[in-house]
Amino acid sequence: MARILVGLVALLALVGCAPTAHAKPVSAQSIALQPGDVAGLKRCDAGGDMQTVLSKEKSIDTFLYDQNATEWEQWKTQGATEAYFAVYGRTAADCAVFSATGNGAPHGGLMAGLVVKFKDTSASSRNYRLASTLLGFGPRDIMFIKLVGGVITTGTDTGLGPQSVIGTASAVGSTYYFAFWQNKAFDSFFIAYDLPAFEAQGAAENVNQRMI
């Protein structure tokens with residue numbers, strides 16, 4: 001018995017001295033849309049971190065590149081440290097909406113989300129209230145929902161927190177879901193085309209849950 005007790009004491013001592021595991025820092029990419037959020041959709045090539053997205057635009061559309069690069073520099077002065085754009089489509093034609101060969105809205109189904117990480121919660125909250133535009137996401141999405149007679153929900157009723165807005169609408173045979181919200185050190189934009197509202201809402205909620 002004495003030997004067993006000594007052994008247990010030694011084991012507990014080793015456990016107590018073992019290095020503490022540190023959680024991997026949460027990044028914009030780890031929070032952004034993941035394959036598990038978008039059943040039936042495939043990842044589109046248009047996504048990536050901000051530098052990757054801007055580099056792709058520079059080789060395709062210099063005007064759009066200049067606009068988005070300028071906006072990103074502004075966001076960085078407001079405290080943004082990184083951003084990740086994720087796009088998933090049902091077909092290659094849907095993915096092409098975000099490419100130079102795109103010719104309009106998707107018809108098979110598409111989700112696109114932009115997550116921006118800030119230096120702290122104060123910076124992300126302040127930027128949310130500024131309603132700035134980045135990569136084409138911004139106030140005009142809400143305006144579109146209003147113009148086509150859609151429904152706008154704000155605040156805690158969205159399920160995404162007090163600083164949030166969701167818009168849903170149907171127009172020209174397509175359905176639209178839009179969300180913009182702030183949670184801790186992150187701001188997020190999310191758009192879904194021609195997908196069931198519950199799928200779009202569920203994907204947005206998954207993104208929000210990862211903002212720990």
*asked:* Q74 and side-chain hydrogen bond (donor to acceptor under 3.5 Å, both in side chains): which single residue from Q78, K76, E71 fits?
replied: Q78

*Given side chains that start at C-beta, do those of T121 and Q182 come closer than 4.5 Å, heavy atoms only?*
yes

Ignoring hydrogens and angles, tell me if any N or O in the side chain of [X] forms a donor-acceptor pair with the backbone of [Y] under 3.5 Å.
X: N68; Y: Y65; answer: no
X: T156; Y: G161; answer: no
X: Q34; Y: A32; answer: yes
X: K56; Y: G48; answer: no
X: D49; Y: Y84; answer: no
X: T81; Y: K117; answer: yes
X: D94; Y: T91; answer: yes
X: Q201; Y: T158; answer: yes
X: W75; Y: E82; answer: no
X: N183; Y: F186; answer: no

*asked:* Applying a strict under-4.5 Å side-chain criterion to I, L, V, M, F, W and Y, I'd like to know whether L130 and L135 cluster together.
replied: no

Residue pair [X] / [Y]: nearest heavy atoms and the distance that separates them:
X: L33; Y: R210; result: CA-NH2, 4.0 Å
X: T175; Y: L195; result: OG1-N, 3.6 Å
X: G89; Y: C44; result: N-SG, 3.4 Å
X: G47; Y: T52; result: O-CG2, 4.3 Å
X: A80; Y: V116; result: CB-CG1, 3.7 Å
X: G138; Y: T133; result: CA-OG1, 4.1 Å

*Is the number of heavy atoms from other residues, nucleotides or ligands within 6.0 Å of CG (D120) greater than 12?*
yes

Which value, rounded to the nearest 0.5 Å, describes the distance between [X] atom [atom1] and [Y] atom [atom2]?
X: D187; Y: S124; atom1: CG; atom2: OG; result: 5.5 Å
X: T77; Y: N127; atom1: OG1; atom2: CG; result: 9.0 Å
X: Q67; Y: L134; atom1: CD; atom2: CG; result: 10.0 Å
X: L64; Y: L54; atom1: CG; atom2: CG; result: 9.0 Å

*Would you say the side-chain atoms of S125 and R129 include a donor-acceptor pair closer than 3.5 Å?*
yes

*Which is it for F190 and F178 under the ring-ring contact (aromatic ring centres under 6.0 Å, His included) test, yes or no, and what are the steps along the way?*
CA-CA 6 Å; F190 179 89; F178 167 80; 9.1 Å; no

*asked:* Name the residue from F180, F118, W181 that meets the ring pair (Phe, Tyr, Trp, His ring centres under 6.0 Å) definition with Y128.
replied: F180

